[in-house]
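To start, the structure under review is shown below, and the notes come after it.
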4 protein chains.
Amino acid sequence: MIAVLKAGVSETQKNNLVNWLKSQGVGVHMSEGEFQTVIGLIGDTSRIDPDLLNGLDIIENVTRISEPFKCANRRFHPQDTVIEVGQGENKVLIGGGNFAVMAGPCSVESEEQIVGIAKAVKASGANMLRGGAFKPRTSPYDFQGLGADGLELLKVARKETGLPIVTEIMSERHLDLFEDVDIIQVGARNMQNFELLKTLGRSRKPILLKRGLSSTIKEWLMSAEYIMSGGNENIILCERGIRSYDTYTRNVLDLSAIPVVKELSHLPIIVDPSHATGKSRLVKSMSMAATAAGADGLIIEVHNDPAHALCDGAQSLTPAQFDEVAAKVRAIREIL
Amino acid sequence: MIAVLKAGVSETQKNNLVNWLKSQGVGVHMSEGEFQTVIGLIGDTSRIDPDLLNGLDIIENVTRISEPFKCANRRFHPQDTVIEVGQGENKVLIGGGNFAVMAGPCSVESEEQIVGIAKAVKASGANMLRGGAFKPRTSPYDFQGLGADGLELLKVARKETGLPIVTEIMSERHLDLFEDVDIIQVGARNMQNFELLKTLGRSRKPILLKRGLSSTIKEWLMSAEYIMSGGNENIILCERGIRSYDTYTRNVLDLSAIPVVKELSHLPIIVDPSHATGKSRLVKSMSMAATAAGADGLIIEVHNDPAHALCDGAQSLTPAQFDEVAAKVRAIREIL
Amino acid sequence: MIAVLKAGVSETQKNNLVNWLKSQGVGVHMSEGEFQTVIGLIGDTSRIDPDLLNGLDIIENVTRISEPFKCANRRFHPQDTVIEVGQGENKVLIGGGNFAVMAGPCSVESEEQIVGIAKAVKASGANMLRGGAFKPRTSPYDFQGLGADGLELLKVARKETGLPIVTEIMSERHLDLFEDVDIIQVGARNMQNFELLKTLGRSRKPILLKRGLSSTIKEWLMSAEYIMSGGNENIILCERGIRSYDTYTRNVLDLSAIPVVKELSHLPIIVDPSHATGKSRLVKSMSMAATAAGADGLIIEVHNDPAHALCDGAQSLTPAQFDEVAAKVRAIREIL
Amino acid sequence: MIAVLKAGVSETQKNNLVNWLKSQGVGVHMSEGEFQTVIGLIGDTSRIDPDLLNGLDIIENVTRISEPFKCANRRFHPQDTVIEVGQGENKVLIGGGNFAVMAGPCSVESEEQIVGIAKAVKASGANMLRGGAFKPRTSPYDFQGLGADGLELLKVARKETGLPIVTEIMSERHLDLFEDVDIIQVGARNMQNFELLKTLGRSRKPILLKRGLSSTIKEWLMSAEYIMSGGNENIILCERGIRSYDTYTRNVLDLSAIPVVKELSHLPIIVDPSHATGKSRLVKSMSMAATAAGADGLIIEVHNDPAHALCDGAQSLTPAQFDEVAAKVRAIREIL
């Protein structure tokens with residue numbers, strides 16, 4: 001960490017600052033220039049809060065040099081992490097050059113629905129099934145999902161198709177219910193629910209960690225670090241769009257996050273084009289773009305409930321549309 | 001809710017849509033214009049997801065008319081909500097023309113610290129004590145607070161000064177620990193931790209609900225609605241700055257949220273100028289501005305730990321600085 | 001346009017509003033519901049400012065139905081616009097399935113530099129040369145470009161290679177200097193310099209209109225409309241990243257803007273991955289992603305000045321790196 | 001400027017970088033730590049583009065230390081700038097503890113209108129008249145203002161009331177028309193129209209420089225610097241809200257910009273609550289808040305055209321409402 005002092009700071013103030021920094025266990029390297037003094041902090045600076053330092057009247061600015069994430073940092077783990085789920089012919093590898101295609105409905109609604117979609121997306125090349133049982137909804141009056149019953153229906157669909165399943169957790173209290181799920185998803189709104197992250201750190205299940213609505217890439221990696229520092233290193237990151245001022249799409253899909261995450265971290269990163277845009281007619285082009293940008297997989301909403309056929313244009317694709325997307329994605333994968 | 005159809009939608013498509021809408025229990029009013037058809041949805045539209053409708057290929061756009069929040073809505077509760085905490089001479093009213101001044105340290109560190117600050121801020125006119133026991137930190141390696149011990153120290157300070165206490169909860173599992181706290185704070189990062197909100201809805205404790213990092217005012221009111229729909233109507237909203245592209249201050253304090261919340265809701269709203277700006281030298285002017293804008297109170301960070309005297313410039317004020325802020329705020333209150 | 005009245009609006013207020021709307025020349029269709037009144041405005045609503053209407057005390061909200069852009073609107077011009085520049089074997093078509101690769105340095109610095117780069121990028125498959133002569137710089141103390149001399153050097157490079165040239169205009173007063181330029185670029189900071197747009201509307205030169213730093217897609221199309229309504233329909237849109245709260249990349253490249261623009265408009269859209277990310281190491285993956293998302297072309301910074309070889313990592317690629325990007329982009333184009 | 005090298009940079013790469021930096025005329029101070037090398041750049045670093053440096057593969061990050069603005073910097077000009085306009089009893093001072101109240105309609109429409117409003121706002125305590133003659137409109141089909149005729153009507157109103165006038169310029173070509181205007185306004189969309197700024201730098205007229213839609217405070221000060229470095233030091237800054245993701249208000253009024261600008265610069269700063277919020281019912285509270293935050297003045301939209309009486313709720317106040325706002329603002333000024 002580097003702190004630059006303001007012009008006109010007195011010797012006493014400097015000494016107070018240096019003494020306090022040393023009392024926190026960090027080494028201090030002073031560099032006095034013509035106009036300013038620069039203080040380099042050496043050693044374990046994780047105990048120094050840069051925001052606190054930055055707020056001091058005598059400080060011009062503070063720059064963190066070493067990233068505060070360690071377990072998630074590619075510098076210390078140059079090899080790509082590869083997550084493995086499922087078994088036998090249904091084994092799926094995520095990361096390290098492998099590509100995962102997760103597909104399924106927004107919400108699990110019935111056995112017929114989830115099994116039907118599972119079969120359809122498997123036929124089109126999906127290797128994992130997604131589906132919401134516990135649903136985060138902005139309004140308390142909206143459908144909150146089937147809960148534990150939905151988890152059971154997902155397992156039925158897994159039994160029928162062999163596809164490993166991924167579904168969202170919304171409370172630490174529910175962890176037991178997720179024992180037999182293949183990947184546990186943490187939604188954007190819980191990305192900084194730190195108690196949930198700590199709890200998941202004590203699990204050994206693979207975690208799909210979605211990026212927060214307005215989180216920076218580094219905050220996102222710090223949330224992965226929360227889980228990893230608890231001992232669970234099986235993290236898959238998921239870019240799902242960030243909030244912007246333009247309301248035409250639900251969010252702005254930040255595809256540059258893919259190469260940036262790969263530069264900073266060894267963790268795999270997949271993309272959710274359905275939630276990012278909120279419009280199914282944009283899913284195809286964004287799936288192709290995400291693949292071309294180097295994503296390790298996609299998670300796509302697909303429905304096949306005839307009663308909802310009306311809703312073709314919403315963020316869910318029909319199986320036929322998904323089939324077309326999957327084919328294009330495979331073609332792009334071959335170029336990479 | 002009003003949905004506008006795209007040009008060129010067929011009769012069959014229109015009929016499908018109308019039938020589906022009716023099957024969801026809403027009334028439908030069609031208005032065919034020269035260039036477009038407008039569908040008005042009448043009755044209980046809470047079962048219709050506007051995002052889903054908006055995503056349909058045949059829909060140009062969707063506008064929600066009635067606000068989806070009911071308990072929090074001023075339309076149905078024209079009178080200001082007044083929250084009451086504490087007893088006897090230490091009773092504090094928040095809302096309805098009353099003004100609360102909550103002050104205290106970022107983290108509870110020791111009995112000496114918290115009691116000392118409590119006495120100091122009381123002397124300067126604070127009527128509530130704030131202090132963090134469970135701390136949400138971006139990094140797992142940062143100090144996470146004293147936890148349950150911190151709560152006990154806050155109670156000691158309350159006993160010494162009479163000041164009611166407000167402190168942050170981070171997990172549903174901790175609710176029992178907060179039984180004897182006067183106001184339970186929900187932090188910005190948990191504003192959409194819906195399971196926590198539901199749990200707090202079953203409590204009857206006053207809740208201080210901070211605005212999420214990038215939440216709209218309506219999303220914030222929907223989070224209040226989660227708690228209120230569970231039966232707990234004692235909500236105080238707290239504006240604490242929203243995320244922006246300018247990094248000079250930590251967040252952008254959105255003071256227009258004060259009159260907007262008062263227009264939309266009957267709930268009281270207070271302001272946290274310390275976290276919003278991240279710089280103590282901005283706290284005075286922002287406290288005065290928030291008061292002039294009509295806030296129902298302030299929550300301000302104050303420290304008096306001599307070991308940290310160095311950090312005067314950070315987001316915490318010294319008691320002497322707080323005293324000056326409190327006096328200016330009182331002067332502005334007299335004008336209103 | 002649809003306006004929803006607030007509950008409790010009096011008959012007099014309604015009549016005043018309707019009379020005023022009619023006096024503005026629009027037809028009015030009232031629809032009285034149980035809880036609210038909806039007013040549909042019919043005919044030429046372009047004279048009604050929705051912001052003004054939305055601000056009225058008696059109005060709940062206002063929704064614009066027909067897009068306010070006409071010349072740029074795909075609804076009225078279903079066919080893709082194809083822009084043609086250059087001649088003979090150097091003719092370049094942009095839009096309608098054709099793909100343009102514009103490459104060159106940030107700033108024109110010398111004849112040797114610009115001719116050398118032009119030859120190198122042509123060899124790698126670029127079909128247009130870009131280079132800044134007038135440079136928009138945040139600081140008045142930064143290098144402002146070679147100006148008119150830079151334009152002459154671009155023409156020399158065009159003569160040597162045949163590549164049509166694109167370069168930025170910063171003032172209406174300079175239009176004469178751009179007479180012999182193939183495409184005139186309007187930078188992000190001038191996207192709403194309406195007097196410049198009007199001036200360019202009187203020209204017949206193709207215009208490369210960059211998206212503003214924080215402009216919505218619709219505002220961007222309205223800026224295209226400014227030029228087109230003046231009679232110049234030769235507009236190429238250029239996505240170059242939008243401002244966000246994450247500072248790791250310079251901007252967030254919004255690739256979903258590509259399918260959205262193609263849905264709303266018939267104008268071609270290209271992508272600038274260099275300025276969007278500010279890091280050359282991200283240019284390759286973002287060029288591939290933009291191509292996969294359906295862009296009509298790319299504009300990429302390339303340098304070959306040995307004195308700057310050091311700066312390989314900045315937003316400019318070396319010719320060798322550009323060669324690799326161009327090959328990957330061609331491979332993706334073949335799939336589409 | 002401080003540059004931190006990545007781990008593992010070779011000696012050759014370091015030497016290349018240092019040699020290049022020296023060739024640009026800056027001094028270099030190397031500080032080799034255990035894990036990283038820090039390079040301090042000394043002297044005139046204005047020739048070094050931090051973005052370029054930051055993009056280098058061998059660079060971890062770059063921090064600018066000295067602010068790139070000089071003329072606008074409080075460090076070099078500790079005294080508040082005071083701008084003087086008007087004469088005799090109508091003289092107005094802005095900055096240095098003086099407070100300006102500018103009021104008037106969005107657009108100048110007729111002599112009767114502008115003279116009527118001018119008289120009304122003067123009676124309520126305004127000391128300057130605002131009114132748009134050249135109007136920046138998102139759509140080319142919207143009313144573009146009366147242009148030169150509007151400027152003449154403003155002068156008539158000034159003659160009738162004595163109030164100095166402020167109005168917006170949209171093109172360098174129009175400068176001659178503004179010779180007899182008291183303050184020339186640069187709108188948010190032209191804040192980085194650098195050619196316009198340079199032209200205004202050659203004038204000696206006071207300039208009201210609005211903050212750009214998404215500009216940082218430092219970019220805004222750099223735009224002031226463009227004008228000042230040309231020799232015109234009469235700049236008044238105007239905060240008018242910044243773009244955010246919440247559409248309830250038109251923009252988010254950033255009142256912390258007031259103390260921040262006063263810390264960084266000696267220039268006066270006023271606030272436009274009308275454009276910031278887009279709703280007249282929020283103007284009163286935001287005017288009071290801006291005053292309490294230490295603004296040097298306000299610029300408020302007021303109309304008195306009976307034909308538009310209907311539009312009371314839009315961003316313009318009636319004279320009666322303005323009168324009430326002005327009285328509250330005076331009361332708050334007395335406390336400061």
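In what follows, every chain begins at residue 1, and chains take the letters A, B, ... in the order their sequences are listed.
Under the side chain to side chain contact (heavy atoms under 4.5 Å, CB included) criterion, A:E195 pairs with A:E172, A:N193, A:K198, B:M170, B:S171, B:R173, B:H174, not counting sequence neighbours. In terms of the side chain to side chain contact (heavy atoms under 4.5 Å, CB included) criterion, residue partners of A:N251 (sequence neighbours excluded) are, by chain and number, A:R240.
Note on B:A188, B:P136, B:G212, B:G187: by heavy-atom pairs under 4.5 Å with chain A, the leading option is B:P136. If you tally non-hydrogen atom pairs under 4.5 Å between each of B:S23, B:S223, B:S214, B:G230 and chain A, the highest count goes to B:S214. Ranked by heavy-atom pairs under 4.5 Å with chain B, the list A:S139, A:G201, A:S229 is led by A:S139.
If you measure heavy-atom distances from B:T216 to chain A, the contacts under 4.5 Å come from both the backbone and the side chain.
Interatomic distance, CG of A:L196 versus CG of B:N190, reported as 9.5 Å (0.5 Å rounding). Distance CZ/B:F194 to OG1/A:T138: 5.0 Å, rounded to 0.5 Å.
Salt bridge status for B:R137 with A:E219: absent, with no side-chain N to carboxylate O gap under 4.0 Å.
Looking at heavy atoms from C-beta onward, A:P140 lies out of side-chain contact with B:M228 at the 4.5 angstrom threshold.
Across all non-hydrogen atoms, the minimal contact from A:R243 to B:S215 is NH1-CA, 3.8 Å.
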Problem set entry | Audit row: A:Y141, B:E225, side chain to side chain contact (heavy atoms under 4.5 Å, CB included) steps and yes/no | CA-CA 9 Å; A:Y141 309 118; B:E225 189 80 14; 2.4 Å; yes
